[in-house]
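The analysis underlying the following values was restricted to heavy atoms, covering all of them including side chains, and did not include hydrogens, waters or symmetry mates. Residue indices begin at 1 and follow the sequence shown.
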Amino acid sequence: MRRRAAARLLRLLSLVPGPDMTAAYGAALSATGLFEAEDVMEELVETGPLQATFTGRYQLHDLLRLFARARLSREETPDEREAAEDRLRTWLLDTAVVAGRWYKPGYGAPPSSWQGQVPLDTAEQARTWLQSEAPAWLAALRGAAHRGEHTQVVETADAMEWFCDLWVFCSGGTGQGSSACPARPPPHSTTRTCGPSTSTATPGH
């Protein structure tokens, strides 16, 4: 049973859009608890398919990712694959909204009712998560837009508006520039945009 769970999780991890991942990705994809997913991912490290980094993240080699994606197509139904993608996209964007709102006036810390897979107890934790997971949640945001999930797209963009002042992606630090910012409005809009920061954003309350 454990070996079967590990094989299935390996297939599901091929859906992660970023170069690496944490155990929270495994939990979201497999609809299991964080510790259960971490145990299975550690087993995959021991057997070889996953690599663990010194930062506590996991990497799936490109060739193994292709292999796992092929197995996913053969061994999971289209509905099962779509459900896993939906779980991952929802988790990424819900977490991005909560993290981004640390910097939005009137919000700040997550509500007491929020139960996430990652710690967002401080603005620094929120900033670190948003920057570390940017490739994945940006891909999730594009996926939501492609699927016509407009409410989720607008909510995410709204949550990111103030965080843009600190976001390294928006300041050109990674070469992606301000166009990477989800809160960027249409051309000629008077809404504030991301760009080289001229002021320092502080967590909103």
Ignoring hydrogens and geometry, is there a side-chain-to-backbone donor-acceptor pair from R89 to A140 under 3.5 Å?
no
Can you run down the ring pair (Phe, Tyr, Trp, His ring centres under 6.0 Å) pairs that involve residues 20-40, sequence neighbours left out, and say none if there aren't any?
Y25-W91
Could you state the interatomic distance from CG (L72) to CZ (R8), rounded to the nearest 0.5 Å?
8.5 Å
If only atom types and distance count, is the side chain of R11 paired as donor or acceptor with the main-chain N or O of E75 below 3.5 Å?
no
For L141 and Q152: C-alpha separation, side-chain torsions, deciding distance, then whether side chain to side chain contact (heavy atoms under 4.5 Å, CB included) applies.
CA-CA 8 Å; L141 187 63; Q152 181 71 78; 5.9 Å; no
Can you name the residues that form a side-chain hydrogen bond (donor to acceptor under 3.5 Å, both in side chains) with T53, not counting sequence neighbours?
T55
Same apolar cluster (I L V M F W Y, side chains within < 4.5 Å links), L34/L9
no
Between A84 and L29, which heavy-atom pair has the shortest distance, and what is it?
O-CD2, 3.6 Å
Kindly indicate whether the side chain of R127, heavy atoms from C-beta on, has any atom under 4.5 Å from the side chain of F163.
yes
Mark yes or no for whether W137, through its side chain, and L130, through its backbone, hold a donor-acceptor pair below 3.5 Å.
yes
How far apart are the closest heavy atoms of A126 and W102, and which atoms are they?
CB-CD1, 3.4 Å
Any non-hydrogen side-chain atom of M21 less than 4.5 Å from a side-chain atom of E133?
no
Q125 side chain vs D121 backbone, donor-acceptor pair below 3.5 Å:
yes
K104 vs D158, test: salt bridge (Lys or Arg N to Asp or Glu O under 4.0 Å). Steps then yes/no.
CA-CA 9 Å; K104 187 174 178 63; D158 180 71; 3.5 Å; yes
Under 4.5 Å between side-chain heavy atoms, hopping through other hydrophobics if needed: is there a path connecting L138 to L92?
yes
Considering all heavy atoms of both residues, which atom of L15 and which atom of R69 are nearest to each other, and what is their separation?
CA-NH2, 3.6 Å
May I ask you to decide if T77's main-chain N or O and E80's side chain share a donor-acceptor pair within less than 3.5 Å?
yes
Are M160 and V98 co-members of a hydrophobic cluster defined by side-chain heavy atoms under 4.5 Å apart?
yes
Show me the pairs that pass salt bridge (Lys or Arg N to Asp or Glu O under 4.0 Å) and involve residues 15-24, at least two apart or across chains.
D20-R57
Taken in chain and number order and not counting sequence neighbours, the residues that satisfy salt bridge (Lys or Arg N to Asp or Glu O under 4.0 Å) with R65 are none
Enumerate, atom names and distances included, each donor-acceptor pair closer than 3.5 Å involving a side-chain atom of residues 36-51, sequence neighbours excluded.
from: E42; atom 1: OE2; to: Y58; atom 2: OH; distance (Å): 2.6
from: E43; atom 1: OE1; to: R2; atom 2: NE; distance (Å): 3.2
from: T47; atom 1: OG1; to: E43; atom 2: O; distance (Å): 3.0
from: T47; atom 1: OG1; to: L44; atom 2: O; distance (Å): 3.3

What is the distance from atom CG of L66 to atom NE2 of H61, rounded to the nearest 0.5 Å?
10.0 Å
Heavy-atom distance under 4.5 Å between the side chains of V16 and L60, does that happen here?
no
Do D86 and R147 sit within salt-bridge range, that is, some charged N less than 4.0 Å from a carboxylate O?
yes
Nearest 0.5 Å, please: how far is CZ in R142 from NE2 in H146?
12.5 Å
Shortest non-hydrogen contact from G26 to T32?
O-OG1, 4.3 Å
Considering residues at least two apart in sequence or located in another chain, which fulfil the side-chain hydrogen bond (donor to acceptor under 3.5 Å, both in side chains) criterion with S112?
none
Over all heavy atoms of both residues, which pair between P135 and G18 is shortest? Give the atoms and the distance, please.
CB-CA, 4.3 Å
Give the minimum heavy-atom separation between V118 and A24, together with the two atoms involved.
CG1-CB, 4.0 Å
Rounded to the nearest 0.5 Å, the OG1 atom of T95 sits from the CD atom of Q117 at a distance of 8.0 Å
